[in-house]
Amino acid sequence: MRLPRFPRVIGFDDGPFPRRAGVAVPLAGVVCAGTRFEGLVWGRVRRDGWNATDVVCRLLEGGKFLPQLHAVLLDGIAFGGFNVVDLPLLAARLRKPCVAVMRKPPDLDAVERALRRLPRADARWEKLRRAGPIHQLRGFTFQCQGASPDEIAELMQQITDRGNVPEALRLAHLIGSAVVTGESSQRA
C-alpha cells in the first residue's frame with residue numbers, strides 16, 4: 001500500500017439512537033485528507049439489523065469519494081448496537097482496505113453474551129470472527145482487511161492528529177452527535 005503525503009480516508013460512526021428494536025440509526029461518514037476535513041456522507045442503518053455493510057457500500061459506490069480513498073475506517077465492527085459489518089465483504093466490494101478501529105481491545109466474552117440475546121446470534125458472531133484478528137500496533141487497536149496490519153498502523157499514524165483516534169473517525173463521531181442531539185458529545 002503506497003501512501004501519499006496526505007492519504008484520503010473516510011471514517012464512519014453512528015450517532016446516538018433510542019434503545020428500541022429496529023429504529024433507524026444515523027451513520028456519518030467523514031472524508032479527510034490527512035487530518036483535514038474534505039467531505040461528508042450521511043445514511044441510516046437499522047438498530048441490531050443486518051444492513052450495515054450494504055449501507056456503507058451504497059454511500060460510497062458510484063459516488064465521487066470512493067475513487068479518491070486510500071482506506072475506509074469504521075468506529076468498531078458494528079453500528080446501531082449489533083448491526084455487524086462484514087469486513088472482508090466490504091473490502092472486496094469497495095476494493096479498498098477496510099479497518100474496524102477500537103479504543104481498546106474488546107471483552108469478547110461480554111460481546112458474545114450480548115450477541116446471544118439477539119436473533120441469529122451465530123451469524124453475527126461469525127461476521128465478527130471473519131473480520132480477522134485484533135491487532136495492537138503503534139498505539140492503535142484494530143481489525144483490518146485488504147492491507148497488512150503494519151501498513152494500516154502506518155496509515156493511522158499519518159491521519160491521527162493526537163491520541164489514538166484517526167481524525168476522520170473523531171469528526172464522524174462529533175458530527176453524528178451534533179446532528180442528532182443539537183451539540184457534539186464530549187468523547188470522540
Side-chain angles (χ1 to χ4, degrees), residues 10-29 41-60 71-94 96-137 139-149 152-153 156 163-166 168-170 172-177 179-181 185-188:
I10 189 165
F12 285 95
D13 195 7
D14 53 3
F17 57 93
R19 299 294 177 207
R20 293 186 317 271
V23 299
V25 176
L27 185 66
V41 296
W42 187 263
R44 294 192 181 277
V45 297
R46 285 271 156 233
R47 178 170 186 255
D48 297 331
W50 294 92
N51 65 341
T53 307
D54 287 336
V55 169
V56 171
C57 288
R58 189 172 12 95
L59 289 171
L60 293 174
V72 175
L73 309 178
L74 312 174
D75 188 26
I77 193 67
F79 298 121
F82 282 108
N83 193 331
V84 182
V85 174
D86 187 327
L87 203 60
L89 177 60
L90 186 67
R93 277 184 63 179
L94 298 178
K96 304 286 178 185
C98 293
V99 186
V101 181
M102 297 156 251
R103 284 168 183 75
K104 62 183 181 179
D107 177 346
L108 294 176
D109 291 334
V111 170
E112 187 172 14
R113 282 192 305 276
L115 279 177
R116 295 289 166 208
R117 290 180 268 202
L118 296 170
R120 298 177 56 202
D122 289 335
R124 292 175 204 271
W125 184 252
E126 178 61 18
K127 278 188 185 183
L128 288 170
R129 191 193 64 71
R130 283 177 20 101
I134 296 171
H135 305 282
Q136 290 186 280
L137 293 170
F140 298 99
T141 303
F142 61 93
Q143 293 171 282
C144 61
Q145 294 287 320
S148 76
I152 295 302
M156 290 203 293
N164 61 355
V165 178
L169 288 177
R170 191 182 79 80
H173 178 82
L174 293 172
I175 290 168
S177 294
V179 168
V180 173
T181 67
S185 66
Q186 293 178 342
R187 191 179 135 249

Point to revise | Working for side-chain contact (heavy atoms from CB on, under 4.5 Å), residues Asp14 and Val45 | key: CA-CA 9 Å; Asp14 53 3; Val45 297; 5.5 Å; no

Where [X] and [Y] come nearest, the two heavy atoms and their spacing:
{"X": "Ala28", "Y": "Trp42", "answer": "CB-CZ3, 3.6 Å"}
{"X": "Gly139", "Y": "Asn164", "answer": "O-CB, 3.3 Å"}
{"X": "Arg19", "Y": "Arg47", "answer": "O-NH1, 2.9 Å"}
{"X": "Ala123", "Y": "Trp50", "answer": "CB-CH2, 3.7 Å"}
{"X": "Ala172", "Y": "Gly11", "answer": "CB-O, 3.4 Å"}
{"X": "Arg124", "Y": "Gly49", "answer": "NH1-O, 3.4 Å"}

**Study point:** Donor-acceptor contact below 3.5 Å, side chain Gln145 vs main chain Cys98
**Key:** no

Once you round to the nearest 0.5 Å, how far does [atom1] of [X] lie from [atom2] of [Y]?
{"X": "Phe12", "Y": "Leu90", "atom1": "CZ", "atom2": "CG", "value": "8.0 Å"}
{"X": "Leu118", "Y": "Asp48", "atom1": "CG", "atom2": "CG", "value": "4.5 Å"}
{"X": "Thr141", "Y": "Met156", "atom1": "OG1", "atom2": "CE", "value": "8.0 Å"}
{"X": "Ile175", "Y": "Arg170", "atom1": "CD1", "atom2": "CZ", "value": "9.5 Å"}
{"X": "Arg129", "Y": "Glu112", "atom1": "CZ", "atom2": "CD", "value": "12.0 Å"}
{"X": "Arg113", "Y": "Leu115", "atom1": "CZ", "atom2": "CG", "value": "11.0 Å"}

**Study point:** Pairs where residues 79-94 contributes a residue and the test salt bridge (Lys or Arg N to Asp or Glu O under 4.0 Å) is met, not counting sequence neighbours
**Key:** Asp54-Arg93, Glu61-Arg93, Asp86-Arg130

Exercise for review: Give a yes or no on whether a salt bridge exists between Arg116 and Asp122, defined as a side-chain N under 4.0 angstrom from a carboxylate O.
Suggested key: yes

Residues 73-85, side-chain donor-acceptor partners within the protein, below 3.5 Å, at least two apart:
from: Asp75; atom 1: OD1; to: Arg103; atom 2: NH1; distance (Å): 3.1
from: Asn83; atom 1: OD1; to: Asn51; atom 2: N; distance (Å): 3.2
from: Asn83; atom 1: OD1; to: Ala52; atom 2: N; distance (Å): 2.9
from: Asn83; atom 1: ND2; to: Arg46; atom 2: O; distance (Å): 2.8
from: Asn83; atom 1: ND2; to: Asn51; atom 2: OD1; distance (Å): 2.7

Review point. Are the side chains of Val179 and Pro26 in touch, meaning some heavy atoms are under 4.5 Å apart?
Key: no

Check your understanding: Is there a side-chain contact (heavy atoms from CB on, under 4.5 Å) between Leu59 and Ile10 once you walk through the steps?
Key -> CA-CA 11 Å; Leu59 289 171; Ile10 189 165; over 6 Å; no

